[in-house]
Amino acid sequence: MRETLEKIRESALQQIQSVGEILGLEQIRIRYLGKKGELTAVLRGMGALPAEERPKIGELANRVRADIEEAIAARQRREQAAALEKRLKEERLDVTMPGTPVPAGHLHPLTRVQRQLEDIFIGMGFSIEEGPEVELDYYNFQALNIPENHPARDTQDTFYITDNILLRSQTSAVQARAMERSKPPIRIISPGRVYRSDALDATHSPLFHQLEGLVVDRGITMGDLKGTLEIFAGKMFGEGTRIRFRPHHFPFTEPSAEVDISCYVCGGKGCSLCKGEGWIEILGAGMVHPFVLSNCGIDPEVYSGFAFGMGIERIAMKVYSIDDIRLFYENDGRFLEQF
Ligand code: PHE
């Protein structure tokens with residue numbers, strides 16, 4: 001019996017070492033230690049042994065069982081360590097490998113120009129004020145000295161939601177809101193979308209963008225307006241850019257002007273960009289009309305102010321030499337990629 005046990009141990013240990021895969025270990029365990037296993041069979045036969053032999057054989061059998069179990073466990077640990085090692089090797093991250101490119105877009109040219117404008121005016125101490133695009137007739141027109149039936153409404157026909165509610169036709173609506181909301185000194189710009197019921201063509205769009213400026217304080221003069229716009233023109237279009245005021249009419253400013261800049265391509269000699277004029281029209285401006293000040297609760301005897309408004313598309317078209325406003329809204333990658 002002793003030899004049988006020794007043989008069982010020897011062949012089991014040998015198999016445990018040589019088995020090819022970890023699954024085979026379980027079969028070996030069953031074969032030797034299972035209910036119908038070889039070792040179990042030997043133990044069953046122990047009843048036939050003389051009584052003094054039994055403890056010794058029992059002890060040996062237990063040792064054989066323990067040895068086989070330990071050999072199986074050791075082999076399992078080795079297999080697991082090897083599998084882990086293999087996985088770590090396979091899954092090692094090579095940080096030097098080229099990554100998957102993530103396509104990155106960039107800002108729309110209108111956004112770029114708007115931010116550039118904002119930066120310039122913020123640098124001069126202006127803050128940004130926002131107003132609603134769905135606006136009351138009162139702020140878009142009446143408070144700005146454009147009563148019902150005023151002919152100025154014709155040039156700014158817009159989309160009406162009710163008789164009193166419309167899509168704002170100009171960021172000037174924010175002027176009235178800003179003056180109502182806060183006391184002078186006021187120094188704000190207000191960029192945003194505006195709407196007009198114009199048919200879409202190369203130079204018109206029913207939706208476009210403006211940037212409004214408003215300064216109200218004691219003793220503000222037209223000189224302040226000129227100085228502010230001169231600095232703006234230099235920063236936006238290049239040092240040395242000159243500005244020119246042409247008399248104009250806006251109901252909410254008095255006096256009013258259309259403001260041109262000297263052409264930044266030809267310097268004023270005349271070229272294709274300025275259409276031979278030497279000057280490029282970029283904005284409307286003027287001194288805030290006393291009626292507008294008092295409509296908004298500001299005493300025109302104490303305070304005065306200036307305002308200006310520019311079309312962001314118009315400026316972007318000039319800066320980037322874009323000849324069709326529709327290109328801004330079509331989202332054609334071939335166009336947008338150029339900026
Ligand atoms: N709101 C005017 C327009 O849309 C521009 C403007 C703004 C003129 C402020 C004067 C002062 O044409």
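Whatever order the structure lists ligands and atoms in, that order sets their numbers, starting from 1. The model shown is predicted, which means the values in this text are computed figures rather than measured ones.
Nearest protein heavy-atom neighbour of atom 2 (C) of ligand 1: Gln170 OE1, 3.6 Å.
Distances from atom 11 (C) of ligand 1 to the heavy atoms of Phe252, Phe250, Phe306 show the closest one on Phe252.
Using a 4.5 Å cut-off between side-chain heavy atoms of Ile, Leu, Val, Met, Phe, Trp and Tyr, with links allowed through other members, Val174 and Phe291 fall into different hydrophobic clusters.
In Ser169, neither the side chain nor the backbone holds a heavy atom less than 4.0 Å from any atom of ligand 1.
Side chain of Glu239 to backbone of Lys235: no donor-acceptor contact under 3.5 angstrom is found. Between the Ser197 side chain and the Phe159 main chain, no donor and acceptor come within less than 3.5 Å of each other.
Annotation: the span from Ile280 atom CD1 to Arg244 atom CZ amounts to 11.0 Å, rounded to 0.5 Å. For the atom pair CZ of Phe141 and CD of Glu135, the computed distance is 10.5 Å after rounding to the nearest 0.5 Å.
Looking at Gln210 next to ligand 1, an N or O pair under 3.5 Å apart turns up. Checked by distance only, ligand 1 and Arg196 come closer than 3.5 Å through their nitrogen or oxygen atoms. Considering backbone and side-chain N/O of Glu212, none are found under 3.5 Å from N/O of ligand 1.
Atoms of ligand 1 found under 4.0 Å from any heavy atom of Gln175 (numbered from 1 in listed order, with element): 9 (C). Taking every heavy atom of Gly309 and a limit of under 4.0 angstrom, the matching atoms of ligand 1 come to 6 (C), 7 (C), 9 (C). Below 4.0 Å from some heavy atom of Gln156 lie the following atoms of ligand 1, by number and element: 3 (C), 4 (O), 12 (O).
Only one option out of Leu5, Leu60, Val64 pairs with Val42 in a side chain to side chain contact (heavy atoms under 4.5 Å, CB included); it is Leu5.
Between Phe232 and Phe121, the angle of the ring planes stays under 30°, which puts this pair in the parallel group of the 30/60° scheme.
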